[in-house]
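These notes concern the structure reproduced below.
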Number of protein chains: 2
Amino acid sequence: MKKAGGEGKRGMLSRCLILETALRLVDAEGVESLSMRRLASELGVFPTALYHYVPSKAALMRGIVEVVLAKVELPGRDGRTWQERLRALARSFRGVAHAHPRLLPQLVAYPEATPEEYGFYEALYEALEEAGLDAAEIVRASTLMFSYVTGFTLAEISGTLGPLTKAEREDLVSLPHEKFPVTRRLTPHISGVDLDENFEFGINVLLSGFAATAERGVGSPQQ
Amino acid sequence: MKKAGGEGKRGMLSRCLILETALRLVDAEGVESLSMRRLASELGVFPTALYHYVPSKAALMRGIVEVVLAKVELPGRDGRTWQERLRALARSFRGVAHAHPRLLPQLVAYPEATPEEYGFYEALYEALEEAGLDAAEIVRASTLMFSYVTGFTLAEISGTLGPLTKAEREDLVSLPHEKFPVTRRLTPHISGVDLDENFEFGINVLLSGFAATAERGVGSPQQ
DNA sequence: ACCTGAACACCGTTCAAGT
DNA sequence: ACCTGAACACCGTTCAAGT
């Protein structure tokens, strides 16, 4: 656990290098392995040296989150339809999440207001406006879209969704028929989910839901 | 920071008391304040005593999550329509989340397979079956519902949604018109969101989306 | 069985130096 | 300005006792 490479003693440190190294550490060993001391030893430096570039561990985490969020590709107002752009945005976020699964919980729970996040919302708003929604509907539809995409990726990466482990299958099969009749009947379909298809199903429902509310012309009074 | 009350020296400890006290601590001061040492001192006991009832801190967290998840009310197969039951289930989860906001991140990210969670899914499956979806659609619709509800509550409690603070409003107003035209135009609507209405809007879209896929009779090939 | 007490290998952060 | 070094107040967990 000495220094990672042959970094020189001075001037080699920078906020960028610190963030990149921290992200690598999180990707490799998880957020719980990221500590100021561990990160410092990885950089071949004393823990206290980090505080010249980053005021606290919380700020370090915030910095990593920003770096990752910036990787989400924002669709420009090009030739594609608003449906295609929303779908591309959703897929891009999910892709970035899969590239950094161990950071995802912090990624979705940070109340950030960075320009990157506004760019994310601008793309959402712009597509939903083209869909024909009014101002109030755009805001609500955007949070629906945002909530679904973040909720789904978090669930799949946490292991709540997806193909079951052997132990989980056994748990499922041992549930009493009387209390869990539908679950028991669905067992084969539950263990055989395709997460990509499942994700797209949700996007389909949302996109046609947005089209329907736009057609209806006014807020959705359907019950 | 001595003992909380006049608890006797022996036989007063129990797994249940430990979990309840830990939950109170998390609710009051946040997950980052929960430590085995702090919890022990709260109970007037040595840290190591806890290990007779709980094998590790991870198991402690898992226990608290189970206690909270058990508070979600599962709608029985009563007189209500499937729409009303799904809505009730969604609202109940959101209500429990609001009662323990500081635990929510762990609540949604735990890949638990407790009977309680199966009860949650059984209620979802049962309602979606009554809606007329086939087996594959039920599974997909249930994860859509689950993802939206958890994603939304997490976003609102993290502060990503909801009425803006003064600082956030200023940030928003200072965004350049050229890069964020739609965001700037929507500013008044963004800062004035009603989260309850926003949540229900999403539920409405999902419920009518489920009804539409059921009518169509087959998986959704709408583009 | 249930709790104490000491110990080990860690934390984040502050503060006073050194160069 | 940038890094060291020591220090402070914490961590989770193990292990050998005590009762």
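Below, chain A is the first sequence line, B the second, and so on; all start at residue 1.
- Straight-line distance between the P atoms of C:dA9 and D:dA9: roughly 22 Å, to the nearest whole Å.
- For B:Arg102, there are no salt bridge (Lys or Arg N to Asp or Glu O under 4.0 Å) partners two or more places apart in sequence or in a different chain.
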Handout entry: Bracket string, DNA chain C, 5' to 3' - pairs by Watson-Crick or G-U geometry under 3.5 Å, | interstrand
Key = ||.|||||...|||||.||

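- Judged as a salt bridge (Lys or Arg N to Asp or Glu O under 4.0 Å), and not counting sequence neighbours, B:Asp194 has no contacts.
- A:Glu197 meets the salt bridge (Lys or Arg N to Asp or Glu O under 4.0 Å) test with B:Arg140; sequence neighbours excluded.
- Checking C:dT4, D:dT4, C:dC3 against every side-chain atom of A:Phe46, the shortest atom distance belongs to D:dT4.
- In this entry the distance linking NE2 of B:His52 with C1' of C:dC2 reads 5 Å, nearest Å.
- Legend: residues meeting salt bridge (Lys or Arg N to Asp or Glu O under 4.0 Å) with B:Arg169, ordered by chain and number and at least two apart, are absent.
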Practice task
Produce a footprint string for nucleotides 8-15 of chain C: one letter per nucleotide, 5' end first; B if the base is under 4.0 Å from any protein heavy atom, S if only the sugar-phosphate is, - if neither.
Solution key: ---BBBBB

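- A side-chain donor from one of B:Glu122 and A:Thr183 sits under 3.5 Å from a side-chain acceptor of the other.
- Here the closest non-hydrogen pair linking A:Gly119 and A:Leu74 is C-CD1, 3.6 Å.
- Nucleotides C:dC10 and D:dC8, compared at atom C1', are 15 Å apart to the nearest Å.
- Ion pairing between A:Arg24 and A:Glu20 fails under the 4.0 Å rule for side-chain N and carboxylate O.
- The residues B:Arg94 and B:Asp196 are annotated as salt-bridged, a charged nitrogen and a carboxylate oxygen being separated by less than 4.0 angstrom.
- In this structure, the OH atom of B:Tyr53 is 14 Å from the C1' atom of C:dT4, given to the nearest Å.
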